[in-house]
Amino acid sequence: MLDAHMRFTGWSREAQELFGRPPDDVLGRFADSVLADAETGVGVSAAGGSGMAGSLGVRRVRRGDGRLVSVALSLTPLAHGEGGAGWMLVAMDTELVHQEAVGRSMLAGLDRESPVLLTVYDTDARMRWINAAVEKQFGVALHDVVGRFVKDLLPEGAVLGQDGRPAPSIEEIVEQVARTGAPLVDLRYRNPDDLHHERVWSASYFRLQDEEAQPIGVCEASLDITERYVTRQRLALLSRASAIGTTLDIQRTAAELAELVVPEFADAVAVDIFEPILSGQEPPRGDTRSPLRRMAQRPYSAVTDDTAGDSLDSVRLRCLAEKAPVADPDMGALALPLKARGSVMGVATFARSGSTGVFEHEEVLLAEELVSRTGVCVDNARRYTREHATALMLQRDLLPRSLPEPTGVEVAHRYLPAVGPAGVGGDWYDVIPLSGARVGLVVGDVVGHGMGAAATMGRLRTTVAALAELDLAPDELLARLDDRVARTYTPPSAAAEPEDQAVGVTCLYAIYDPVSRHCVMARAGHLPPVLVTPDGHAELVDLPAGPPLGLGGLPFESADIELPEGAMLALFTDGLVQSRERDVDAGVRSLCATLSGLRHARLEETGDTVLGTLLPTAPEDDAALLLLRVHALAENLVATWDIAPDAGEVARARSLVCDQLVTWGVDEAASFVVELVVSELVTNAIRYGGAPVSLRLIREREHGLIVEVSDGGHTSPHLRRAAMEDEGGRGLFLVAQLTQRWGTRYTRTGKTIWTEVSPTPVQL
């Protein structure tokens with residue numbers, strides 16, 4: 001307050017705070033000495049003296065502490081009183097003036113322009129104010145909501161916290177924030193009435209309080225994050241699409257797509273594949289009439305009724321004809337072709353019910369991405385199916401379709417190909433008839449899977465059969481096979497073919513002689529066989545371990561064991577006893593226990609039971625099982641004589657054989673052939689072989705007669721054609737013509753010439 005002479009007569013508390021001067025320092029002083037502009041020296045006396053009033057503009061005034069403050073001054077005359085005329089001087093900090101203006105603008109902006117949805121609640125959770133953004137999005141006016149609860153105006157929705165767990169109701173949230181003063185940030189609201197076109201808001205809550213810090217309400221600031229939420233959901237869906245194609249199974253791949261999209265993306269889905277695809281064939285080119293097979297379906301009722309079914313079929317047919325997505329908003333359906341490498345393999349149909357049936361453009365793009373990934377996985381499964389079928393067919397063609405039934409043994413075999421992405425392996429087995437009623441047994445396992453393993457298996461099986469025809473001992477046969485593999489192996493390089501799968505192959509070869517009941521066997525990195533004695537005892541044969549094939553230079557050792565009459569021998573590959581859930585030792589124990597309980601069962605029954613027990617589900621690796629029950633050849637069916645190295649012994653040998661053939665009841669034609677063969681072979685043994693000479697005659701009830709002549713020589717006999725004028729040289733030629741087979745096998749003490757004579761020999 002100023003008197004008529006512009007001296008201060010009043011000084012408020014706010015003036016003291018603004019100018020940093022107490023009343024005692026100001027009262028009675030002229031205004032110009034206190035409020036003059038520090039830069040220009042202009043005071044307020046001139047305005048008062050001139051009788052003018054109003055704004056004096058902005059002055060830079062020095063405070064009592066020496067600092068400058070920018071103030072806006074306004075001078076107002078007071079009515080005349082007892083003390084004469086006076087003035088009221090109003091001063092305001094210009095920063096406060098600016099802040100007040102900004103504050104008013106900000107409040108106006110939050111009310112009318114802000115995209116943030118603002119709602120003020122009292123401490124009872126009743127709405128007291130909303131801004132224009134709330135009015136616009138929810139279609140309500142301020143006068144409609146004041147004093148009401150949210151639950152009275154909007155359908156109850158799900159409130160989700162950041163961790164996805166349900167959060168309290170709005171009333172509970174407001175009460176909690178008002179009571180504790182701790183804000184809650186980023187709670188998620190979602191419209192529950194529209195699963196596929198829902199809106200999502202992120203809401204935060206903070207307390208409002210008066211000057212004395214008492215709660216007067218709670219403010220809610222919400223932001224529509226639907227676009228960001230939907231984008232994140234779509235990215236999450238695409239991320240989970242990696243779950244499609246976890247197996248190389250077409251039906252499982254289709255089911256994985258259906259499980260992924262229902263109900264998050266669609267209410268129903270159906271995946272149909274052209275039938276030729278299921279067997280590994282190429283997709284039909286330009287022919288949409290090829291029959292489709294339903295591979296996966298997750299429907300809702302509207303999709304499965306008859307009327308909807310016909311309409312959906314028309315959508316699928318259009319999609320296949322156009323090879324492009326086809327949407328039907330009325331049906332709420334979207335059909336997309338399953339493509340890979342430019343070929344259509346089927347169609348995937350998505351469907352929605354009710355008002356959510358429209359698939360927006362971005363959703364169609366998302367569906368195309370999901371179906372595209374599915375198409376690639378289906379094509380990979382188709383290729384695998386084709387290769388697996390081809391490899392399996394090749395393997396079955398290379399494996400023996402039926403096994404021979406040698407004298408003195410019962411044979412049964414089982415083979416299960418691997419299933420799964422690894423593909424068919426290279427396990428094989430064989431039974432090879434040998435001279436002298438003996439039988440060769442082989443089982444092997446090629447490293448790896450697929451066509452290469454099957455082809456390698458066929459090559460090795462043929463090689464083993466060829467080497468077995470030479471009547472080699474098991475250790476010598478494996479040594480030659482190992483040498484063959486090592487010599488053909490070329491280390492892989494950038495320019496070379498892939499590594500030969502024969503390297504690292506395991507193999508077991510055994511020879512059983514029913515005359516002596518001895519079995520000689522050797523192995524190259526393979527598991528030993530299981531021997532089951534007639535009393536039920538089952539264990540692995542103690543057989544020296546040899547290296548896998550192809551390493552070269554390492555020896556193989558044989559074991560010679562005598563098998564009891566009626567004993568059972570089981571040769572197998574590791575796929576029978578080893579899996580991810582079971583190690584080899586546990587598998588072998590299970591095999592021994594199973595075989596022990598089946599010692600009296602038929603071999604065919606035994607094979608089925610072993611596979612059912614050890615492989616109740618499809619194996620991850622090929623499994624081969626070769627079962628052999630041994631019997632000794634009856635003594636009365638074998639005759640053996642020692643022959644002195646004298647030419648006169650030939651006649652005695654013929655006589656001994658004739659007598660034995662009469663005892664066996666052999667017909668005259670066969671007896672004549674045997675007598676001729678014995679005469680020629682004994683003569684050659686005495687003349688060219690030398691002592692010791694022996695003659696053995698074996699009667700096979702179903703296979704005829706076996707004649708064996710052994711001597712101490714190691715020279716190989718030669719078959720030649722004699723000229724008309726030659727007096728000799730026709731012996732072996734006649735033997736070859738009259739017998740089914742003949743050959744030579746070598747022993748440590750010499751050689752044996754053997755022949756097989758048919759029960760019904762050829763007519764001369």
So that I can tick it off, tell me whether [Y] and [X] are bridged by a salt bridge, with the cut-off set at under 4.0 angstrom between side-chain N and carboxylate O.
| X | Y | value |
| --- | --- | --- |
| Asp272 | Arg294 | yes |
| Arg240 | Glu264 | yes |
| Glu39 | Arg59 | no |
| Asp122 | Arg128 | yes |
| Arg352 | Glu363 | yes |

Working note: Leu292 + Glu275, criterion side chain to side chain contact (heavy atoms under 4.5 Å, CB included); need CA distance, chi angles, decisive distance, verdict.
CA-CA 6 Å; Leu292 291 164; Glu275 284 195 355; over 6 Å; no

For [X] and [Y], work out which heavy atoms get closest and say how close.
| X | Y | answer |
| --- | --- | --- |
| Thr123 | Ala178 | CG2-CB, 4.3 Å |
| Ile173 | Leu184 | CG2-CD1, 3.7 Å |
| Val26 | Arg21 | CG2-CB, 3.8 Å |
| Arg373 | Ala241 | NH1-CB, 3.6 Å |
| Ala335 | Val315 | CB-CG1, 3.6 Å |
| Ile225 | Ser202 | CD1-CB, 3.8 Å |

Euclidean distance, [Y] [atom2] relative to [X] [atom1], rounded to 0.5 Å:
| X | Y | atom1 | atom2 | result |
| --- | --- | --- | --- | --- |
| Met88 | Ser74 | CE | OG | 7.5 Å |
| Phe8 | Leu2 | CZ | CG | 5.5 Å |
| Glu220 | Ile130 | CD | CD1 | 11.0 Å |
| Thr247 | Tyr384 | OG1 | OH | 10.0 Å |
| Ser372 | Leu365 | OG | CG | 12.0 Å |
| Glu322 | Leu317 | CD | CG | 11.0 Å |

message: Assess the residue pair Arg316 and Thr349 against the criterion (side-chain hydrogen bond (donor to acceptor under 3.5 Å, both in side chains)); give the C-alpha distance rounded to whole Å, side-chain angles, the decisive distance to 0.1 Å, and a yes or no.
response: CA-CA 7 Å; Arg316 294 188 187 98; Thr349 308; 3.0 Å; yes

Pairwise side-chain contact, [X] with [Y], heavy-atom cut-off 4.5 Å (strictly under):
| X | Y | result |
| --- | --- | --- |
| Val44 | Leu73 | yes |
| Val344 | Phe274 | yes |
| Val271 | Ile273 | yes |
| Asn131 | Val134 | yes |
| Ile250 | Met295 | yes |
| Gln137 | Trp201 | yes |
| Gln16 | Trp11 | yes |
| Leu35 | Leu89 | yes |

Original post:
In terms of heavy-atom contacts, does CZ of Arg341 have more than 12 from other residues, nucleotides or ligands at under 6.0 Å?
Top reply: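 More than 12 within 6.0 Å, yes.
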
Output yes when a side-chain donor or acceptor of [X] lies under 3.5 Å from a complementary backbone atom of [Y], and no otherwise.
| X | Y | value |
| --- | --- | --- |
| Arg148 | Asp144 | yes |
| Arg63 | Leu18 | yes |
| Lys339 | Lys323 | yes |
| Thr180 | Gln176 | yes |
| Ser204 | Asp186 | yes |
| Asp3 | Arg7 | yes |
| Thr9 | Met1 | yes |
| Glu135 | Leu142 | yes |
| Glu172 | Ser169 | yes |
| Arg382 | Ile277 | no |

| task | Run the numbers on Val218 and Leu208 for side chain to side chain contact (heavy atoms under 4.5 Å, CB included), then give the verdict. | result | CA-CA 5 Å; Val218 172; Leu208 302 175; over 6 Å; no

Task: Between Thr246 and Glu256, a side-chain donor and acceptor under 3.5 Å - done: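 Judged by distance alone, the side chains do pair up.
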
Under the 6.0 Å and 45° cation-pi test, does Arg126 pair with Tyr121?
->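 Ring-cation test returns no.
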
Discussion item. Using side chain to side chain contact (heavy atoms under 4.5 Å, CB included), reason through Tyr205 and Ile170 one step at a time and then give a plain yes or no.
Written reply: CA-CA 10 Å; Tyr205 299 84; Ile170 295 294; 3.2 Å; yes

- Pick from Asp25, Val71, Asp65, Val34: which one makes a side chain to side chain contact (heavy atoms under 4.5 Å, CB included) with Phe19?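 Answer to the side chain to side chain contact (heavy atoms under 4.5 Å, CB included) test with Phe19 among Asp25, Val71, Asp65, Val34: Val71.
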
- Output, in order, the C-alpha distance, side-chain angles, deciding distance and verdict of side chain to side chain contact (heavy atoms under 4.5 Å, CB included) for Phe138 and Val145. CA-CA 11 Å; Phe138 292 97; Val145 303; over 6 Å; no

Query raised in the report: Would you call the rings of Phe350 and Phe265 parallel, tilted or perpendicular, where under 30° means parallel and over 60° means perpendicular?
Result: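 Geometry flag for Phe265 against Phe350: perpendicular rings.
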
